[in-house]
Amino acid sequence: RTALQKQNDTTTMDPCAQCGKPVEGTQRTLVAMGAKWHADCFQCEHCKKKIGTEPFFTREEKPWCDKCNTEAVNATLPTCAACSKLIEDTNYTELVKEGKSYHLACMACVHCNNPIKGKYFTKKGQMYCPTDFDDLFSQPCYACKTKILRSAGNRIKALDREYHTQCFTCNACKRELQATEKFFKVEDEPVCPACAEKQQ
């Protein structure tokens, strides 16, 4: 933000920075941005309003009034997905996957409304704390029938089912199968390669 450097009545043949015509006689002259201007020519580049002696901003070497500069800056700021207000500082987080930004103070679990300060989960664009996400959306393990806590991260999807990692075992020898390990489907159950070969 810049204040006007000088305003006077003067006799000069210097060209006006806006119109290029000489600033001569006793015309009202403004000195700003290292140049001279006719008072009527010193106007906001965006709205064309005369700036006069009001403070102004410089954008691409052109004067902008306070109102237009504020609107231009605000147009580049993210909007908080929770409160719909502009995020005017760096104290925010952005959910890249969901394409949304939030003030840190606005980040709260949509179910319990408690602030989210660490790990969280999202579903359909909504944020959940780990506890509520597990309670609301965790599926039972196909093998042991207890809930698979997503917050624990021990989940395997196979055969269109969900298992705890420790529950995903060969149906024949009961050996735990690794997530990247090859297995065969025998009678709709996972079977390790060694046991599948024996059953042939």
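Source: prediction; values computed, not measured.
- In this structure, CG on Leu159 lies 6.0 Å from NZ on Lys185, to the nearest 0.5 angstrom.
- Here the side chain of His111 pairs no donor or acceptor atom with the backbone of Leu136 at under 3.5 angstrom.
- Within the 4.5 Å cutoff, the side chain of His46 has no heavy atoms near those of the Lys62 side chain.
- Of all heavy-atom pairs spanning Thr165 and Glu176, the tightest one is O-OE2, 3.4 Å.
- Side-chain atoms of Glu61 never come within 3.5 Å of backbone atoms of Thr58 as a donor-acceptor pair (strictly under, hydrogens ignored).
- Scanning both residues, Val191 and Cys195, for their nearest heavy atoms gives CG1-CB, 3.5 Å.
- The backbone N or O of Cys144 sits nowhere less than 3.5 Å from a side-chain atom of His164 that would complete a donor-acceptor pair.
- Using a 4.5 Å heavy-atom cutoff, the side chains of Glu54 and Asp66 are not in contact.
- In this structure, NZ on Lys85 lies 12.5 Å from OG1 on Thr79, to the nearest 0.5 angstrom.
- With hydrogens and angles disregarded, no donor-acceptor distance shorter than 3.5 Å links the side chain of Glu71 to the backbone of Cys68.
- At a threshold of 4.0 Å, the pair Lys21-Asp14 does not count as salt-bridged, since none of the basic side-chain nitrogens sits closer than that to a carboxylate oxygen.
- Under the 4.5 Å side-chain heavy-atom criterion for Ile, Leu, Val, Met, Phe, Trp and Tyr, Met33 and Leu30 are members of the same hydrophobic cluster.
- Between the Ser138 side chain and the Ile148 main chain, a donor and an acceptor come within less than 3.5 Å of each other.
- Counting all heavy atoms, side chain and backbone alike, Asp40 lies closest to Gln43 at O-NE2, 3.3 Å.
- Exactly one of Asp134, Asp135, Val110 qualifies for a side-chain contact (heavy atoms from CB on, under 4.5 Å) with Tyr128. That residue is Val110.
- Atom NZ of Lys123 is separated from atom CG of Asp132 by 14.0 Å, given to the nearest 0.5 angstrom.
- Under the 4.5 Å side-chain criterion, counting only non-hydrogen atoms from C-beta, Leu77 is in contact with Leu86.
- Judged by distance alone, with hydrogens and angles left aside, the side-chain atoms of Trp37 form no donor-acceptor pair with the main-chain N or O of Gln18 at under 3.5 Å.
- A heavy-atom distance below 4.5 Å is found between the side chains of Met107 and Tyr120.
- No side-chain heavy atom of Pro63 sits less than 4.5 Å from a side-chain heavy atom of Cys44.
- Annotation: side chain of Met127 is in contact with side chain of Tyr102 (closest heavy-atom distance under 4.5 Å).
- Both the sub-6.0 Å distance and the 45° axial angle are satisfied by Lys145 relative to the ring of Tyr142.
- With respect to the salt-bridge test (charged N to carboxylate O, under 4.0 angstrom), the residues Glu189 and Arg161 qualify.
- Separating the OG1 atom in Thr131 from the CG atom in Asn114 is a distance of 9.5 Å, to the nearest 0.5 Å.
- Other residues, nucleotides and ligands place no more than 12 heavy atoms under 6.0 Å from the NZ atom of Lys67.
- In this structure, the separation between SG on Cys170 and CZ on Phe183 is 11.0 Å, given to the nearest 0.5 Å.
- Proximity of Cys65 to Phe56: side-chain heavy atoms (C-beta onward) are nowhere separated by under 4.5 Å.
- Annotation for Arg155 and Lys157: closest pair NH1-CD, 3.8 Å, computed over non-hydrogen atoms.
- Atom CZ of Phe42 and atom NZ of Lys36 lie 14.5 Å apart (nearest 0.5 Å).
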(request) Kindly indicate, with the supporting measurements, whether the criterion side chain to side chain contact (heavy atoms under 4.5 Å, CB included) is fulfilled by Cys80 and Ser101. (result) CA-CA 5 Å; Cys80 178; Ser101 301; over 6 Å; no
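- Partners of Asn69 under the side-chain contact (heavy atoms from CB on, under 4.5 Å) rule, at least two apart in sequence or in another chain, are Phe57, Arg59, Trp64, Val73.
- In this structure Phe184 satisfies the ring pair (Phe, Tyr, Trp, His ring centres under 6.0 Å) test with no other residue, sequence neighbours excluded.
- Residues His38 and Cys19 form a side-chain contact, since some pair of their non-hydrogen atoms from C-beta on lies under 4.5 Å apart.
- Residues Leu177 and Ile156 come closest through the heavy atom pair O-CD1, 4.2 Å.
- The two atoms that bring Cys109 and Cys129 nearest to each other are SG-N, 3.4 Å, heavy atoms only.
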(request) Go through the steps for Lys147 and Glu162 under the test salt bridge (Lys or Arg N to Asp or Glu O under 4.0 Å), then give the verdict. (result) CA-CA 10 Å; Lys147 275 191 174 183; Glu162 292 192 14; over 6 Å; no
